[in-house]
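Nothing fancy with the numbering, it's 1 onward along the sequence.
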Amino acid sequence: MIKRKGEKIMGIISIVLNIIGVGFGALLISMDQAFYDQFNEILQEEGETLPIETIEAAVNTFGTQFMIVSAVAAVLTLVGVILLKTDRRAVVSGILFLVSAVTLLIGTVGLAFAPMILLIVIGLMSLIRKPKAENHTSEYPS
């Protein structure tokens with residue numbers, strides 16, 4: 001039986017970072033009109049023009065997507081950490097960790113970098129580390 005304390009600790013850290021990602025998505029959704037006005041002024045200084053409604057729709061869509069993807073990754077990671085209790089399920093939890101990392105990579109366009117890297121490391125550790133085979137020798141003293 002391998003002690004999987006490192007994977008569990010990094011999994012919990014990843015869950016916390018994903019919950020922070022859900023909060024970041026909620027923050028993006030809750031932006032007020034002054035934010036969009038400032039954003040539009042910056043675009044106008046650089047010679048670009050976009051309607052405020054377009055900017056608002058894009059930010060709200062990305063915030064919602066960030067929240068959903070971070071929540072799904074947190075749930076997959078939680079299930080993976082729970083499945084780490086036995087060595088037989090370490091492969092399943094490793095696959096869950098890697099699926100969660102790919103979900104974060106695609107869904108957040110790489111912005112959730114820290115939990116994504118943690119999940120890749122945990123997934124590989126869960127898949128690669130195998131329990132040591134116990135050597136039973138049948139040497140009897142003569």
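- Through chains of ILVMFWY side-chain contacts below 4.5 Å, I106 is grouped with V102.
- No side-chain donor-acceptor contact under 3.5 Å links T108 to the backbone of L105.
- When every heavy atom of L104 is checked against every heavy atom of P115, the shortest pair comes out as CD1-CB, 4.0 Å.
- A pairwise comparison of heavy atoms in G94 and S126 identifies CA-CB, 3.6 Å as the closest pair.
- Residues R4 and M125 have side chains not in contact (no heavy-atom distance under 4.5 Å, counting atoms from C-beta outward).
- Hydrophobic side-chain contacts under 4.5 Å tie F35 into a cluster, directly or through other members, with F24, L27, L28, M31, Y36, F39, L43, L50, I52, I55, V59, F62, F66, V109, L111.
- Proximity of T103 to V69: side-chain heavy atoms (C-beta onward) are separated by under 4.5 Å at one or more points.
- Every residue two or more places apart in sequence or in another chain that forms a side-chain contact (heavy atoms from CB on, under 4.5 Å) with M67 is listed here: V22, A26, I29.
- Atom CD of residue E41 and atom CD of residue Q44 lie 7.0 Å apart, to the nearest 0.5 angstrom.
- Applying the side chain to side chain donor-acceptor pair (under 3.5 Å) test to residues at least two apart or on different chains, the pairs with a partner in residues 57-77 are T77-S100.
- A continuous path of ILVMFWY side-chain contacts below 4.5 Å connects V16 to I122, so both sit in one hydrophobic cluster.
- Remark: I120 engages A101, M116, L124 in a side-chain contact (heavy atoms from CB on, under 4.5 Å) (not counting sequence neighbours).
- I82 is connected to I15 through a chain of hydrophobic side-chain contacts under 4.5 Å among Ile, Leu, Val, Met, Phe, Trp and Tyr, so both are in one cluster.
- Each side chain to side chain donor-acceptor pair (under 3.5 Å) pair with one or both residues in residues 10-34, not counting sequence neighbours, would appear here, but there are none.
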